[in-house]
Amino acid sequence: MLHTINKSPFESSTFETCVRFLQPGDPVLFIEDGVYAAQAGNRFSSLIETVMKNNPVFALKPDLDARGITRVTEGVGSVDYEGFVGLVEEHQVNSWL
Amino acid sequence: MLHTINKSPFESSTFETCVRFLQPGDPVLFIEDGVYAAQAGNRFSSLIETVMKNNPVFALKPDLDARGITRVTEGVGSVDYEGFVGLVEEHQVNSWL
Amino acid sequence: MSEDTDIRKIMHVMRRAPHGSIYSYEGLEMILIMAAYEQDLSVVFIGDGVYALKKDQDTTGIGIKGFSKTFMALDGYDVEKLFVDRASLEERGLTEDDLVVDVEVMEASEIGRLMTEQDVVIHH
Amino acid sequence: MSEDTDIRKIMHVMRRAPHGSIYSYEGLEMILIMAAYEQDLSVVFIGDGVYALKKDQDTTGIGIKGFSKTFMALDGYDVEKLFVDRASLEERGLTEDDLVVDVEVMEASEIGRLMTEQDVVIHH
Amino acid sequence: MNIGILLKEGPYNHQAADTAYKFAEAAIAKGHKVDAIFLYNDGVNNATRLGDPPQDDRNIAARWTMLAEKHGVEVLACIAASKRRGINDDVMIDGGEITGLGTLTDIAIRNDRLLTFGD
Amino acid sequence: MNIGILLKEGPYNHQAADTAYKFAEAAIAKGHKVDAIFLYNDGVNNATRLGDPPQDDRNIAARWTMLAEKHGVEVLACIAASKRRGINDDVMIDGGEITGLGTLTDIAIRNDRLLTFGD
């Protein structure tokens, strides 16, 4: 199951809530303001590193670019809208609003 | 200056952000989903107790009633819309959305 | 595309508090309609979503129609799978006794496992 | 009511990230209009609000017009009081060098004191 | 006291419109003047007359018309925000008007208080 | 693959409508069928034809019409949510339609995926 997160983790608890329910192996995709979680060297980098031990983590590249995020936490993959569709081909979707 | 907070502290960081900027003596008023902060015995009770050492804290009674909050953290005052107007008579307003 | 005989597993995840926004109320309206379609529905309450079930809600003062009692009607629509996240209750200082309906309180890991079995998950 | 000769202290508090919602953009539009009225304006960036000033924003891919460079124009409108909360920058792993305009980085307590001097505070 | 209100969310979806109304009602009852309610962001969606809520629900548009006609409150929608969202004179509620952000600045200057309600 | 989309926020105020469109566009380009976009909550505000965004901005309403007319995507607004918010047939975008939540259920049943975009 693909989990999408669209909220900044600094203002909303959505990402931390999602992590509590995540099953091993399920991919996480940050979109919209959610991509701020993936910026290298912020307060959430260590949580993302923990998540990546069991789950692949992606961020939507056009959303990273729009926000000027040039460096993401190491190991976070980056996909464009086509890659987003690719993930949806492989998984059912759980959109954490 | 009267600070109003309308977001649940469990889902949004607004209350905690506001607290960092609060000046001693300035009243805080919880409205809408913000009143969940004031429920007795929840994870934010101790933060509210800390705030109350320097600031009067109120919750909007119609919003408490609407949410079934029958017990608030001790020391939190309760006001109706008329009391809200009363606070606005005495203070400029800082609405933390 | 699935055949007509397929029964879909559809999970509604209640995430927002009532009254401050309409998501919880319009979410419940969606559940009531979907209940007529004989799919495999479940409703899960996570985070502020648990507040929708809080007893003693009286919305007279804010002038908005209350709807907590409508959750009691779900049983009559054969929506019997109501799950509540234990940690969400606990950090809010709530217990099962504070809720208007009988629910099953579950660990996040169990709810997470249920989620992965779904065909559709909708957050409200 | 204040007299025509009064100058009001009006503070705009930028709180939201750009692009995910319109509040930051429409907030900036409001500031630009108010700048023409010769009041005592200040703009404060708190929490995700600091992201509006992040360098290197390229919104081509999401199809939404970028506006970070418009903050550079504020100086030309005599809006010179731009304050950024230090803790908000730090927890986001940002420094002044990451921002498109010169700002004054301040402690929350100082910003809080400035807030109490205002006649009007508007959050975006 | 003279009070201005800035409302940043549309009706029904968020409680902001309800709280703004309840506050205005209480302020008027206490003898204050509510000078204007300025609609911004999605708040401009409060200005459509086309809403048709269920009979047992409150009618938020009717509340703004009542405040305008009975209590002289200016109900004003920002033109730029309105154009984006499809609010124009053809759908405008009775007592409401489209105006610019300069008017909001005037409201901020001429009133003793400006309160914001939103999300 | 057959894909349904549930959109829960109005245009411009949140990025949800943009992301939903960009996703639909990419899915169609990859050869998938986007069966329907169902508008709920404030999402129904996507269905007004009265929006008049600045010339240098995207026109979100025109995107939905394009998806409907060029790619056969059903663009559907929930009737109960629409009535609350003043969306009706008089203001409906070309290619859009008002319907009930039963249709969303059909969409959830007949598609391989249902994605949600919102706030």
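Because the structure is predicted, anything quoted here is derived from the model rather than measured. Chain identifiers are assigned alphabetically (A, B, ...) following the order of the sequence lines, protein sequences preceding nucleic acid strands; residue numbering begins at 1 within each chain. Basis for what follows: all heavy atoms, side chains included, without hydrogens, waters or symmetry-related copies.
Applying a 4.5 Å heavy-atom cutoff, the residues of residues 70-91 of chain D that approach chain B are D:D85, D:A87, D:S88. Using non-hydrogen atoms only and a strict 4.5 Å limit, no part of residues 38-45 of chain D faces chain B.
With a 4.5 Å cut-off on non-hydrogen atoms, B:S95 touches chain D through its backbone but not through its side chain. Contacts between D:L114 and chain B at a heavy-atom distance below 4.5 Å are absent for every atom of the residue.
Interatomic distance, B:R20 CZ to D:E107 CD, rounded to the nearest 0.5 Å: 9.5 Å. The structure places SG of B:C18 at 8.0 Å from NE2 of D:H123, a figure rounded to the nearest 0.5 Å.
Around CZ of B:R71, the count of heavy atoms belonging to other residues, nucleotides or ligands within 6.0 Å does not exceed 12. A 6.0 Å sphere centred on NZ of D:K54 holds more than 12 heavy atoms belonging to other residues, nucleotides or ligands.
Counting heavy atoms from C-beta outward, B:V93 and D:V121 have side chains that stay 4.5 Å or more apart. Residues D:H124 and B:L97 are not in side-chain contact: their nearest non-hydrogen atoms beyond the backbone lie 4.5 Å or more apart. Using a 4.5 Å heavy-atom cutoff, the side chains of D:R15 and B:T14 are in contact.
Ranked by non-hydrogen atom pairs under 4.5 Å with chain B, the options D:I46, D:V13, D:I111 are led by D:I46.
When all heavy atoms of B:M1 and D:M115 are compared, the closest pair comes out as CE-O, 3.0 Å.
Not one N or O on the side chain of D:R113 forms a donor-acceptor pair closer than 3.5 Å with the backbone of B:Q23. Between the side chain of D:Q118 and the backbone N or O of B:N94, no donor-acceptor pair lies under 3.5 Å.
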